Amino acid sequence: MAASNLEGVLLGMGNPLLDISAVVDEAFLAKYDVKPNNAILAEDKHLPMYDELSSKDNVEYIAGGATQNSIRVAQWMLQTPGATSYMGCIGKDKYGEEMKSAAKAAGVTAHYYEDEAAPTGTCAVCVVGGERSLIANLSAANCYKSEHLKRPENWALVEKAKYIYIAGFFLTVSPESIQLVAEHAAANNKVFLMNLSAPFICEFFRDAQEKVLPYSDYIFGNETEARIFSKVRGWETENVEEIALKISQLPLASGKQKRIAVITQGADPVVVAEDGKVKTFPVILLPKEKLVDTNGAGDAFVGGFLSQLVQGKSIEDCVKAGCYAANVIIQQSGCTYPEKPDFN
């Protein structure tokens, strides 16, 4: 696909969060009652953690949020300025300004809704032995309104996009916005993609998730989320291949032809279910000493996958690009990457 045809081809909507990332120890996790390798929303008991992380010598600030990570990675892989766009809510503060400049530097067309009252959302990224635990304090990210989406200059991004990706985390914020773009995608023969995103989304936001699943042409997730998804529905199987197949066969909205389920399993093969069949694809194995942290690995996989999908490449190529991007990201701190991809 020529670069000119790629302008605005991919749109993401989600919770823009500034990652406050630092290496901590088990005692730090225990102090704040945080499980290793989990993703949760902050409660009052977690709030002092952000200042404590900020005071660490090794602290890093990285523009994050699941969907924004995936869009930035897709943009990096495509190397075509303006191929991607993104919407979400930030505060009018220094973190919000950092977010804007990071999006611009990445080549993403970001239309942020700026909330007057709430501060820009943050995510505590606690890294222990390369594994990451995420505690999101949504703040302004939680204030996104569908009124912003409906403004002509923002809806224009929806009209232009041929692929629309939204992580499940956004279900906690603006299901109405998700429904609007999902229905638009179905009516206009566009590709709509969702992510299971976290066990708590599958458990506690099931109703919102159920409403949008029929519109989803692709559903991404990892093995933990897939097993919770299965358990919540009473499927009585922990087998990831079986679950992927069942997800791919859930009912579709009218006009949608089929669904593809893509489940990652860390260092184990990626599972892809479509047309009643399951395929597995090996990931690129990384020696333990090269692992920096796993933060953003799943988001990067989706970003790499999307970068090929929007160019009409095969599922095999999409998975390869996803594995490549994830492999690059886990060798960096947070969801960051070298200047140019080395993928062919």
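In this text, all values refer to a predicted model and were calculated from it rather than measured experimentally. Numbers here are sequence positions counted from 1.
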All heavy atoms of Gly130 vs all of Leu291, minimum pair found to be CA-CD2, 4.1 Å
* Determine yes or no for a side-chain-to-main-chain donor-acceptor pair under 3.5 angstrom, with Thr67 supplying the side chain and Ala167 the backbone. => yes
- Query: Are Leu306 and Ile166 linked, directly or through other ILVMFWY residues, by side chains that come within less than 4.5 angstrom of each other?
  - Reply: no
Would you mind reporting whether Asp217 and Leu193 have side-chain heavy atoms less than 4.5 Å apart? no
query: Can Val319 and Cys323 be said to form a side-chain contact (heavy atoms from CB on, under 4.5 Å), step by step?
result: CA-CA 6 Å; Val319 172; Cys323 293; 4.0 Å; yes
With a 3.5 Å distance limit and no angle check, can you tell me whether Tyr95 reaches the backbone of Thr122 through a side-chain donor-acceptor pair? no
Closest non-hydrogen atoms of Glu223 and Val240, given as atom of the first, atom of the second and distance, are CB-CG2, 3.8 Å
For the backbone of Val270 and the side chain of Thr264, can you confirm whether one donor and one acceptor N or O come within less than 3.5 Å of each other?
no
(Q) Between Tyr165 and Asn195, is the side chain to side chain donor-acceptor pair (under 3.5 Å) condition met? List the steps. (A) CA-CA 8 Å; Tyr165 171 68; Asn195 201 314; 2.9 Å; yes
### Query
Between Tyr113 and His148, how do the two ring planes meet: parallel, tilted or perpendicular, split at 30° and 60°?
tilted
Hey, is NZ on Lys231 packed in by over 12 heavy atoms from elsewhere, all under 6.0 Å?
no
**Q.** Gln75 side chain to Thr84 backbone, donor-acceptor under 3.5 Å
**A.** yes
Verdict with reasoning, Thr80 to Val9, per side-chain contact (heavy atoms from CB on, under 4.5 Å)
CA-CA 11 Å; Thr80 306; Val9 68; over 6 Å; no
Residues Glu97 and Lys100 bridged, charged N to O under 4.0 Å: yes
Side chains of Gln68 and Met99: does their closest heavy-atom pair fall under 4.5 Å? yes
Task: In one Ile/Leu/Val/Met/Phe/Trp/Tyr side-chain cluster, 4.5 Å: Leu250, Tyr218 - done: no
For Glu238 and Arg227 the tightest heavy-atom approach is O-NE, 2.8 Å
Any chain of hydrophobic side-chain contacts (each under 4.5 Å) joining Tyr32 to Ile40?
yes
* To do: Check for a donor-acceptor pair, side chain of Asp115 on one end and backbone N or O of Cys89 on the other, with a separation under 3.5 Å.
  => no
Query - Side chain Arg259, main chain Ile247, donor-acceptor under 3.5 Å - result: yes
**Exam field: side chain Lys190 to backbone His184, donor-acceptor pair closer than 3.5 Å** = no
*asked:* Determine whether a donor-acceptor pair (N or O, by modelled atom type, separation under 3.5 Å) exists between the side chain of Gln79 and the backbone of Trp76.
replied: yes
Flag for Asp342-Tyr324: side-chain donor and acceptor within less than 3.5 Å: no
Q. Honestly curious: do Leu17 and Leu47 fall in one hydrophobic cluster under the side-chain, below-4.5 Å linking rule?
A. no
Please test Ser21 against Val127 for side-chain contact (heavy atoms from CB on, under 4.5 Å), starting from the C-alpha separation and ending with a verdict. CA-CA 7 Å; Ser21 177; Val127 181; 4.2 Å; yes
Between Cys202 and Leu196 the two heavy atoms that sit nearest each other are SG-CB, 4.0 Å
(Q) Any donor-acceptor pair under 3.5 Å linking the side-chain atoms of His46 with those of Asn137? (A) no
- Query: Between Thr120 (side chain) and Gly96 (backbone), is there a donor-acceptor pair under 3.5 Å?
  - Reply: yes
ask   = Given the rule that I, L, V, M, F, W and Y join up when any side-chain heavy atoms are under 4.5 Å apart, are Tyr215 and Ile260 in one cluster?
value = no
Requested in this report: Taking the side chain as every heavy atom from C-beta outward, state whether Val181 and Trp155 have any pair of such atoms under 4.5 Å apart.
Outcome: yes
In this structure, are over 12 heavy atoms from other groups packed under 6.0 Å from Lys150 atom NZ? yes
TODO: Check whether any side-chain N or O of Ser230 sits under 3.5 Å from a backbone N or O of Ala226 as a donor-acceptor pair, and report yes or no.
DONE: no
**Q.** Pairing of Glu210 and Arg206 as salt bridge, 4.0 angstrom limit
**A.** yes
